[in-house]
Amino acid sequence: MSYEREKIIAIEAVLAATQLCEQVRQQISPAAIEKKDKSPVTIADYGSQALICRALAEAFPQDPVIAEEEAAALGSAEMKLQLQQVTDSIRQVIPTVVPAEVLNWIGHGSAQSGDRYWTLDPIDGTKGFLRQDQYAVALALVEAGEIKVGVLSCPALSLNGLGPGLLFTAVRGEGATMRSLENEASQPIQVAQGTQNLRFVESVESGHGNQSQQSAIAQTVGITAPSLRMDSQAKYAAVATGEAALYLRLPSPKTPDYREKIWDHAAGVIVVEEAGGKVTDMYGQKLDFTQGAKLVHNQGVIVSNGRLHDQVIAALAT
Ligand SMILES: Nc1ncnc2c1ncn2[C@@H]1O[C@H](COP(=O)(O)OS(=O)(=O)O)[C@@H](OP(=O)(O)O)[C@H]1O
Ligand SMILES: [Mg+2]
Ligand SMILES: [Mg+2]
Ligand SMILES: [Mg+2]
């Protein structure tokens, strides 16, 4: 089956959401709102989710969407001002929009599961976004547990003389491409082929991984250079383009029972796989996208150029 229409709609929606995020970011300091789990969310996270869910609901009304943000939180009485700000940010794209519609669109992303579903992280790396650093808008289509389409926008990323502002797209069996956000011309991308000057990427936030174990494993497989620390699924883009050979995300000793969320990975996974790389959990198992919002059957995420993969899994087993 061809996924041409899905790809076109997904790219268009992610580009519109990216523009909204960049407009909010360019205001001197986008404000953080604290969620129930103490993690930050901003006007732009909600605006991005509203725009993308609206586009998906219109084009693919039957498809469930499993997205990060919840409408209930933004719809509460004490969030009236923030809901108005989200509505205002969307007004530039949809002049007639009213707050109730915004909540409906965000709520469209609250599906729990589906055989065919979309998964969306409206801003991945919200902490990076707030620091004016790396973040991503990440959208993927999953069918029967297999990721079929991934679109990943990295508005603050520059690579190979392109950017800042890159868009990565992958369709199962068709390869992965990269383009500038401004220019439609795209080029195929490929993971690192050689064995020289290899680097690895990891999260900026030490609480999202195990940095000491990550550097020990990298050294065991011959990577001696210090890690490249990056927020968001921009780390997957770094591996997919050969900028890094490995992305290590091992469970943090502070949150050993944490299970990864599907929207933090799906788009990045297909971009890396279609660029010739490999993604598994820390035990070498495939990530299982059939269990709803969380990767309940997996722990840790290992993303590599393929070549290094077995060595990393072997090092983790000892
Ligand atoms: N304990 C723990 N372990 C692993 N992952 C966690 C944990 N807590 C949160 N998160 C998720 O991390 C997402 C951001 O990951 P990053 O790798 O971009 O983190 S970092 O900003 O570079 O530190 C972040 O995504 P966003 O909320 O979309 O920013 C969270 O979903
Ligand atoms: Mg978040
Ligand atoms: Mg995320
Ligand atoms: Mg997010």
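Hydrogens, waters and symmetry mates are skipped; everything else that's a heavy atom, side chains included, is used. Order of listing sets the numbers, starting from 1, for every ligand and every atom in it.
Annotation: cation-pi pair Arg179/Phe168 absent, no NZ/CZ under 6.0 Å from the ring centroid and within 45° of its normal.
Considering only heavy atoms from C-beta on, Lys127 stays 4.5 Å or farther from Val204 through its side chain. Contact annotation: the side chain of Gln23 approaches that of Gln92 to within less than 4.5 Å [non-hydrogen atoms, C-beta and beyond]. Under the 4.5 Å side-chain criterion, counting only non-hydrogen atoms from C-beta, Thr126 is in contact with Asp45. Side-chain atoms of Tyr46 and Gln85, non-hydrogen and from C-beta on, never get closer than 4.5 Å to each other.
Under the 4.0 Å criterion applied to side-chain N and carboxylate O atoms, Glu205 and Arg131 are assigned as salt-bridge partners.
Excluding waters, the count of protein N/O/S atoms less than 2.8 Å from the Mg ion (ligand 4) comes to 3.
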